[in-house]
Amino acid sequence: MAVGVKDVAAAAGVSVGTVSNVLNRPDRVSARTAQRVQKVIDELGFVRNDAARQLRAGRSRSIGLVVPDIGNPFFAEVARGAEDRAADAGMTVLLGNSDESDARQNAHLELFREQRVNGVLLTPASDDLTSLRRFASGGMPVVLVDREVDEQSFPSVSVDDVEGGRLAVQHLLASGRRRIAFVSGPRSVHQVADRLRGAELAVAEAAGATLEIVERSSLTVLEGRAAGELLVAREVQDRPDAVFAANDLLAVGLLQAFSFGSGIRVPEDIAMVGYDDIDFASAAVVPLSSVRQPARLLGWTGVDLLLKELEGAGYDRRVRFQPELVARDSSGG
């Protein structure tokens, strides 16, 4: 049977209120009494009922975080940054994976509401923010991470993905490449659309350059490998001479398809640039050039914005970081 507050009070010879003060307001209890109560707590193995405390207080010590794909190392780093900042504030992070599904995202939001979290960090599963606005209108603070919207309804921290796409393709064009392929996930994903827009802007400025779009169903290594196999199956003259992948997972899959007996050399035949600069990028069979965005800093800043929102302090509700191109062997260094 679980040990309760009454058991601790009886064993320590104090009132239930004194035990509560030791747990929640130790400054109201003498050091001697607090020491005696703590000794009993340790001996009995008492664990406070935090759920009950949260119900009384109306909020918890937790923050919700919903990302599209926790299997993507980029979002794992975002979560790590959020946990670091939350820990500084004495809070924890509850993680949800939407799998780019509005239904799953909304289920996580409802669970977080029931858990009475302090607020939610979220990378939207789609452009439809209707349910998110309804959720926020109930008094739950929401900060968008890796996403910015035109309206001012949500604080946000993001990276300029249009600029990132432009940097990637400008780099490929500067090495003399002209037949560029953009291997993407669904263009309904906001970040993918922005990176494509940046690629289009770069190609439009280069005489004789073309941009082909190879769209895949998701941003995974398997989908990258499938895209690579399609390119390998083409006649040599029909292949692109450079590929910009919408993220590093796609790029790693492409490298696998090119490396396993296809006869395609990277970067000699096809130069490549990915996006995110995850740890796998520098460790790939051909070290991968990539557009770096500060994943951990995105999570850290998201929690920081949420804390300022809770405090009601004045602050810049939009933070946008600039991406950085990291050139490695896959594009000629």
Side-chain angles (χ1 to χ4, degrees), residues 68-76 99-101 161 164-165 168-169 171-173 175-200 202-203 209-291 325-333:
D69 180 12
I70 194 56
N72 185 330
F74 169 76
F75 287 111
D99 201 25
E100 297 180 358
S101 161
D161 282 320
V169 174
H171 175 65
L172 293 169
L173 293 168
S175 67
R177 313 296 170 139
R178 285 298 178 268
R179 302 190 309 279
I180 314 296
F182 177 61
V183 178
S184 77
R187 278 183 272 179
S188 58
V189 176
H190 194 83
Q191 294 87 338
V192 170
D194 281 352
R195 292 166 197 177
L196 172 58
R197 177 60 180 152
E200 291 172 335
V203 167
T210 60
L211 182 67
E212 171 190 4
I213 301 170
V214 181
E215 185 170 349
R216 305 304 302 172
S217 62
S218 62
L219 295 155
T220 64
V221 173
L222 288 178
E223 285 298 307
R225 188 184 305 168
E229 290 168 353
L230 290 175
L231 297 178
V232 168
R234 294 183 184 180
E235 296 295 329
V236 173
Q237 65 273 17
D238 294 329
R239 294 173 185 159
D241 60 11
V243 171
F244 168 38
N247 77 350
D248 285 344
L249 296 182
L250 287 172
V252 168
L254 285 157
L255 278 173
Q256 291 176 353
F258 295 160
S259 300
F260 298 150
S262 70
I264 294 178
R265 300 167 302 163
V266 176
E268 291 85 355
D269 301 319
I270 298 180
M272 290 185 58
V273 175
Y275 206 103
D276 290 337
D277 197 32
I278 62 176
D279 289 342
F280 295 149
S282 60
V285 59
V286 179
L288 180 66
S289 297
S290 186
V291 177
L325 178 74
V326 180
R328 298 190 179 97
D329 292 356
S330 71
S331 62

- Query: Taking all atoms of both residues into account, what is the closest heavy-atom pair of Leu255 and Ala284, and its distance?
  - Reply: CD1-CB, 3.9 Å
- Task: Please answer whether the main-chain N or O of Arg179 pairs with a side-chain N or O of Asp241 as donor and acceptor at a distance below 3.5 Å.
- Result: yes
- Query: Among His171, Met272, Arg195, whose side-chain contact (heavy atoms from CB on, under 4.5 Å) with Phe244 holds?
  - Reply: Arg195
- Message: With heavy-atom distances below 4.5 Å as the criterion, would you say the side chains of Tyr275 and Asp161 are in contact?
- Response: yes
- Phe75 vs Asp276 side-chain heavy atoms within contact, under 4.5 Å: no
- Nearest heavy-atom neighbours spanning Ala168 and Val291: CB-CG2, 3.8 Å
- Between Pro240 and Leu231, which heavy-atom pair has the shortest distance, and what is it? CD-CD2, 4.0 Å
- Task: Would you check, one step at a time, whether the test side-chain contact (heavy atoms from CB on, under 4.5 Å) holds for Leu249 with Ile278?
- Result: CA-CA 9 Å; Leu249 296 182; Ile278 62 176; 3.8 Å; yes
- Identify the residue among Ile264, Val286, Asp269 that makes a side-chain contact (heavy atoms from CB on, under 4.5 Å) with Phe258. Ile264
- Do Arg225 and Leu254 have side-chain heavy atoms sitting under 4.5 Å apart? no
- Query: Any donor and acceptor pair, going by atom type alone, linking the side chain of Asn247 with main-chain N or O of Leu250 inside 3.5 Å?
  - Reply: yes
- Task: For Ser184 and Ala246, indicate whether the former's side chain and the latter's backbone hold a donor-acceptor pair under 3.5 Å.
- Result: no
- Query: Is there a side-chain contact between Leu196 and Leu211 (heavy atoms, below 4.5 Å)?
  - Reply: yes
- To the nearest 0.5 Å, tell me how far Glu100 CD sits from Ser188 OG. 7.5 Å
- State, to 0.1 Å, how close Asp248 and Ala281 come at their nearest heavy-atom pair, and which atoms those are. OD2-CB, 3.8 Å
- Query: How far does CZ of Arg178 sit from CG of Leu173, to the nearest 0.5 angstrom?
  - Reply: 5.5 Å
- Item | Neighbour count above 12 (heavy atom, 6.0 Å) for Asp238 CG | yes
- Do Leu219 and Asp69 touch side chain to side chain, with heavy atoms closer than 4.5 Å? no
- Between Ala251 and Gly274 the two heavy atoms that sit nearest each other are CB-CA, 4.1 Å
- Can any side-chain N or O of Ser289 pair as donor or acceptor with the backbone N or O of Val273 at less than 3.5 Å? no
- Query: Is the backbone N or O of Val192 less than 3.5 Å from a side-chain atom of Arg187, with the two atoms forming a donor-acceptor pair by type?
  - Reply: no
- Would you check if the side chain of Glu223 reaches a backbone N or O of Gly185 as a donor-acceptor pair within less than 3.5 Å? no
- Which atom names give the shortest non-hydrogen contact between Ala209 and Val203, and what distance separates them? O-CG1, 3.6 Å
